[in-house]
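FYI, the numbering just counts along the sequence from 1.
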Amino acid sequence: MPHKFDATVIAQKILSAVARLKEQYASEYVIDFLMGSKSEKILPEHRLLKTFGAGADLSRQQWLNHLRDLISLGYLNRSSSENSVLFITEKGWRVLNGKEQVWLMKSNFGNKLGVKSTRISRAPDYEPDLLEHLKDVRNYLASKYETEAEEIVPYLKLHQMATYLPNTKYDLQKIAGWDDTRLRSYGLPFLKVILEYLEVNGLETRMRQKGKLRPPEC
């Protein structure tokens, strides 16, 4: 099993970028800002900020992975607006203010951190946008049936759905927690969202990978 390492500095760079951008931008802009992008879409006033270019030492994919981890672990969240603007949670502010550490898996970061590269069977990356859509469906159903969102579908199951992309009722039952009763009551709205996401993004289900790989970190 991969070891965890102290990724507090990495987390603070991301959180600082989001804070200095006044929590008004989505993931792509934040990463461009961190990497010191020369793109014209970076506003001139943002180029003058202290955090601009603070993440030039890592690749775009690495920063994207780190950012996704912070969302999964509850240090960052996305707005429900169309632009999915990033904002810092109470937990994230504790990290930014030096009151809490962040620990991530070494295998996520490779040789940039001096870790020997090894082939590790890991779950595929989840789809952040799909996860947000699934959360919206869950919130709607919770409101409709006057119950807690976690009673509809636990967050971990939403994360697995956004990772393995089940596209049939049979596949959905392979996600732990989807028994017959829950499937009949709530399954169809979630499946419709997943099917639409697969079609729009040209993706296919990843259910064949489930059971062969380590579950995603949440």
Item to complete: Find out whether Ile42 and Phe52 are in side-chain contact, i.e. whether some heavy atom of one side chain is under 4.5 Å from a heavy atom of the other.
Response: yes

Worksheet item: Looking at side-chain heavy atoms only, is the closest gap between Trp63 and His66 below 4.5 Å?
Response: yes

Fill in: Distance, nearest 0.5 Å, that separates CG of Leu64 from CG of Leu58
12.5 Å

Worksheet entry | Side chain to side chain, Lys157 and Pro154, heavy atoms closer than 4.5 Å | yes

Worksheet item: Is there a side-chain contact between Glu199 and Tyr197 (heavy atoms, below 4.5 Å)?
Response: no

Worksheet entry | Flag if over 12 foreign heavy atoms under 6.0 Å of CD, Glu45 | yes

Worksheet item: Would a 4.5 Å heavy-atom cut-off, applied to side chains only, mark Trp178 and Gln160 as touching?
Response: no

Discussion item. Between Trp93 and Leu67, is there shared hydrophobic-cluster membership here, with clusters defined by ILVMFWY side-chain heavy atoms closer than 4.5 Å?
Written reply: yes

Fill in: Distance (rounded to the nearest 0.5 Å) between Leu188 CG and Leu191 CG
6.5 Å

What pairs of donor and acceptor atoms, side-chain ones from residues 128-145 against any protein atom, are under 3.5 angstrom apart with sequence neighbours left out?
{"residue": "Arg138", "atom": "NH1", "partner": "Glu150", "partner atom": "OE2", "Å": "2.9"}
{"residue": "Arg138", "atom": "NH1", "partner": "Val153", "partner atom": "O", "Å": "2.8"}
{"residue": "Asn139", "atom": "ND2", "partner": "Lys135", "partner atom": "O", "Å": "3.3"}

Item to complete: Check whether the side chains of Gln62 and Ser59 place a donor and an acceptor atom closer than 3.5 Å, and report yes or no.
Response: yes

Worksheet item: If you group Ile, Leu, Val, Met, Phe, Trp and Tyr by side-chain heavy-atom gaps below 4.5 Å, do Leu195 and Leu158 land in one group?
Response: no

Worksheet, complete the sentence: Sorted by chain and number, sequence neighbours left out, side-chain contact (heavy atoms from CB on, under 4.5 Å) with Leu198 holds for Leu165, Asn167, Ile194, Leu203

Fill in: Distance, nearest 0.5 Å, that separates OH of Tyr170 from OG1 of Thr168
8.5 Å

Discussion item. Counting C-beta onward and ignoring hydrogens, is there a side-chain heavy-atom pair between Met161 and Pro166 closer than 4.5 Å?
Written reply: yes

Fill in: Taking every non-hydrogen atom, the tightest pair across Ser37 and Arg47
O-NH1, 3.0 Å

Practice prompt. List for me each residue that meets salt bridge (charged side-chain N to carboxylate O under 4.0 Å, His left out) alongside Glu100, sequence neighbours excluded, and say none if there are none.
Written response: Arg94

Discussion item. Using 0.5 Å steps for rounding, measure from the CD atom of Glu204 to the CZ atom of Arg206.
Written reply: 10.5 Å

Worksheet item: Who passes side-chain contact (heavy atoms from CB on, under 4.5 Å) against Thr89, sequence neighbours left out?
Response: Asn77, Lys91

Worksheet item: Side chains of Phe190 and Leu183: does their closest heavy-atom pair fall under 4.5 Å?
Response: no

Distance-only check: which donor-acceptor pairs under 3.5 Å involve side-chain atoms of residues 8-33, not counting sequence neighbours?
{"residue": "Thr8", "atom": "OG1", "partner": "Asp6", "partner atom": "OD1", "Å": "2.4"}
{"residue": "Thr8", "atom": "OG1", "partner": "Val102", "partner atom": "N", "Å": "3.0"}
{"residue": "Gln12", "atom": "NE2", "partner": "Val95", "partner atom": "O", "Å": "3.0"}
{"residue": "Lys13", "atom": "NZ", "partner": "Ala54", "partner atom": "O", "Å": "3.2"}
{"residue": "Ser16", "atom": "OG", "partner": "Thr51", "partner atom": "OG1", "Å": "3.2"}
{"residue": "Arg20", "atom": "NE", "partner": "Thr51", "partner atom": "OG1", "Å": "2.9"}
{"residue": "Glu23", "atom": "OE2", "partner": "Ile88", "partner atom": "N", "Å": "2.8"}
{"residue": "Ser27", "atom": "OG", "partner": "Arg78", "partner atom": "NH2", "Å": "3.2"}
{"residue": "Glu28", "atom": "OE1", "partner": "Arg60", "partner atom": "NH2", "Å": "2.4"}
{"residue": "Tyr29", "atom": "OH", "partner": "Leu43", "partner atom": "N", "Å": "3.0"}
{"residue": "Tyr29", "atom": "OH", "partner": "His46", "partner atom": "ND1", "Å": "2.7"}
{"residue": "Asp32", "atom": "OD1", "partner": "Arg60", "partner atom": "NH1", "Å": "2.5"}
{"residue": "Asp32", "atom": "OD1", "partner": "Arg60", "partner atom": "NH2", "Å": "3.3"}
{"residue": "Asp32", "atom": "OD2", "partner": "Lys41", "partner atom": "NZ", "Å": "2.7"}

Worksheet entry | Partner set under side chain to side chain donor-acceptor pair (under 3.5 Å) for Asp180, not counting sequence neighbours | Gln173

Worksheet item: Run the side-chain contact (heavy atoms from CB on, under 4.5 Å) check on Tyr164 and Leu172 step by step: do they pass?
Response: CA-CA 10 Å; Tyr164 296 108; Leu172 198 56; over 6 Å; no

